[in-house]
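Remember, predicted model here, so these are calculated numbers, not experimental data. The figures here come from the full heavy-atom set of this structure, side chains too, leaving out hydrogens, waters and symmetry mates.
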Amino acid sequence: MTLRTLPLTLALMAAFTGPASAQSLSQLFEAAKAHDATYKSARSQYDASLARAEQAKALLRPTANLGANMSESNIELPTLNRQTGARNMTFSGSQPLYRPGNKASYEQGMKQVALGEAQLKIAEQDLIVRLSQAYFDVLTAQESLNFVKAQKSAVSEQLAAAKRNFEVGTSTITDTREAQARFDLVTAQEIAADNDLRVKQGILSDTVGQPQVKPQPLMAAANIDRLQTGTVQSWVAQSSQDNGNLTAARIALEVARLEIEKAKAAEKPTLDLNASYGLARFQNGSAVQVNNNTATIGLAFNMPLYTGQASQNRIRETVALEEKARNDLEAAQRNVAQSTRTAFFGVESGLSQIKALQAAEASSQSALDANKLGYQVGVRINIDVLNSQSQLFQTKRDLAKARHDVLVGQLRLRQAAGVLKVDDVKNLDALLRP
């Protein structure tokens, strides 16, 4: 390849490769599920609960054992040389007939499966919110950097105009110094905004386990007023039914009640059905050989009489733990209700802020245009234009952040109500610009 053809080759490679495509929220969510340690921990805990449930089922099933042994001996005396041996094989089985403790353990195992499902649901919803927060934090930081750069460009133009006017004698040195000070300030803000964007991009990349993640921006005309109909009371009522933390707390209370039954079962009798079949062979020398087959079946009854106060104190312990679980449930109900109210009012307030900021953006633009015209005709000074520019771009940044915050707030509201699903992530994709 010659040096003459190298630029053309690089240009063709760039044309076919193209820039890295932006990724939707759903695409990053699938990547996060395979990478996020917290979610994978909940998945492993759920798998463990399934195995624990099978262990609990085994307590109600029969057990079988096979045992065998063999022995050989050789007796050597001056008048006697004899070899003896014995071989035994036993097959035994047992079926619990009445074991209340095993029954309570079985029911606890089934509850553990439901608890694992609730915890997995909580982890999935938490991942959706954490990923969405990191996703829109990057978009907010990117918007902030873009607005700072636009403001820097506008201030630069105003600085150049102030210098020209000073040179021709139509303005004072004060205008130039004010514009220079504002330009230096915006430059510092640009450095801070660029650093904030790098940090936010790093958090998003760590969440999904992919480097250089590029999220899709929110469409300017996206309708984000998607708050479901209903009052704060209806959302609180919804959360009291479907919130994952409340579901887990209710299951924990049921498990604590079953633990009391297990503790009380230690004072109750047990009854098992046992059966065995044994094969035995005895050999004494070469002449005597005895085969013996034995089959037995029977009931094994056990009644605890005295346990040194261990069972009584175990019952007291489980009763106290059941009361703790009940109080934990009550506390969780209060926390979930408060979180739901906070999320609801946050979304409601955010939507109102968006409308107010949209009006403020239009007013700030009109004020800037008026101040520019006034500066040109001499009725306004340079600082008036600079302040109008700063107000306009600050309003734009606040509006972009408010739009992103409302979207995340709606997810938090649905999380508090316990109805947040993967479909909600897909619905957000429709508001993003590919």
Side-chain angles (χ1 to χ4, degrees), residues 22-36 38-40 42-43 46 117-140 200 203-204 207-210 213-248 336-337 339-351 353-354 400-434:
Q23 295 159 292
S24 68
L25 193 58
S26 296
Q27 292 172 332
L28 294 181
F29 177 69
E30 293 302 321
K33 287 176 64 176
H35 173 75
D36 187 72
T38 303
Y39 177 78
K40 291 196 296 183
R43 169 64 66 180
Y46 174 68
E117 292 177 349
Q119 291 173 340
L120 184 60
K121 174 185 175 182
I122 294 172
E124 183 179 69
Q125 292 180 343
D126 177 69
L127 179 59
I128 291 175
V129 172
R130 285 191 290 112
L131 173 63
S132 301
Q133 184 69 69
Y135 190 94
F136 287 108
D137 280 349
V138 172
L139 293 180
T140 300
K200 295 302 194 301
I203 295 174
L204 179 58
T207 303
V208 301
Q210 295 180 0
V213 177
K214 184 180 179 182
Q216 295 177 351
L218 183 66
M219 290 188 296
N223 179 20
I224 64 175
D225 189 3
R226 297 165 50 247
L227 180 62
Q228 292 188 7
T229 58
T231 63
V232 62
Q233 290 80 8
S234 64
W235 280 98
V236 171
Q238 182 75 45
S239 67
S240 65
Q241 298 177 1
D242 298 327
N243 183 272
N245 290 311
L246 288 184
T247 301
V336 167
S339 299
T340 305
R341 294 189 192 98
T342 301
F344 180 87
F345 292 131
V347 173
E348 197 175 56
S349 173
L351 292 172
Q353 287 180 17
I354 290 175
K401 185 177 185 302
R403 284 159 59 87
H404 296 155
D405 288 345
V406 164
L407 291 178
V408 177
Q410 290 174 348
L411 295 179
R412 293 189 183 278
L413 176 59
R414 297 184 64 80
Q415 179 190 27
V419 295
L420 180 60
K421 299 178 181 179
V422 180
D423 290 341
D424 296 307
V425 178
K426 298 178 181 178
N427 291 337
L428 283 182
D429 284 345
L431 304 179
L432 303 176
R433 185 172 70 248

Pair D36 + K40: basic N to acidic O under 4.0 Å: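 No, no charged N to carboxylate O under 4.0 Å.
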
Identify, with sequence neighbours excluded, every residue that meets salt bridge (charged side-chain N to carboxylate O under 4.0 Å, His left out) alongside [X].
X	value
K401	D405
D137	none
K200	D196

To the closest 0.5 Å, what do you measure between [atom1] ([X]) and [atom2] ([Y])?
X	Y	atom1	atom2	result
S132	L407	OG	CG	9.0 Å
L120	R43	CG	CZ	4.5 Å
Q125	N245	CD	CG	9.0 Å
Y39	F29	OH	CZ	6.5 Å
F344	S234	CZ	OG	7.0 Å
M219	L431	CE	CG	6.0 Å

K33 side chain vs L127 backbone, donor-acceptor pair below 3.5 Å: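 Not a single qualifying donor-acceptor pair exists.
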
Side-chain donor or acceptor of Y135 paired with backbone N/O of Q216 under 3.5 Å: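 At least one qualifying donor-acceptor pair exists.
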
Return the minimal non-hydrogen interatomic distance between [X] and [Y], and the atom names on each side.
X	Y	value
A416	T340	CB-OG1, 3.5 Å
A417	D242	O-CB, 3.5 Å
I224	I354	CD1-CD1, 3.1 Å
L413	A343	CA-CB, 3.7 Å
S239	L246	O-CD1, 3.5 Å

Do [X] and [Y] touch side chain to side chain, with heavy atoms closer than 4.5 Å?
X	Y	value
V208	H35	no
Q210	L28	yes
D429	Q27	no
K421	E124	no
R403	L218	yes
D126	V129	no
Y46	Q119	no
I122	N243	no

Residues T247, K121; criterion side-chain contact (heavy atoms from CB on, under 4.5 Å); working and verdict: CA-CA 10 Å; T247 301; K121 174 185 175 182; 5.6 Å; no

Please name all residues satisfying side chain to side chain donor-acceptor pair (under 3.5 Å) with [X], sequence neighbours left out, ordered by chain then number.
X	answer
S349	Q353
R433	none
E30	none

Passing option when D424 is tested against V419, I128, L411 for side-chain contact (heavy atoms from CB on, under 4.5 Å):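 Looking at V419, I128, L411, the match for D424 under the side-chain contact (heavy atoms from CB on, under 4.5 Å) is L411.
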
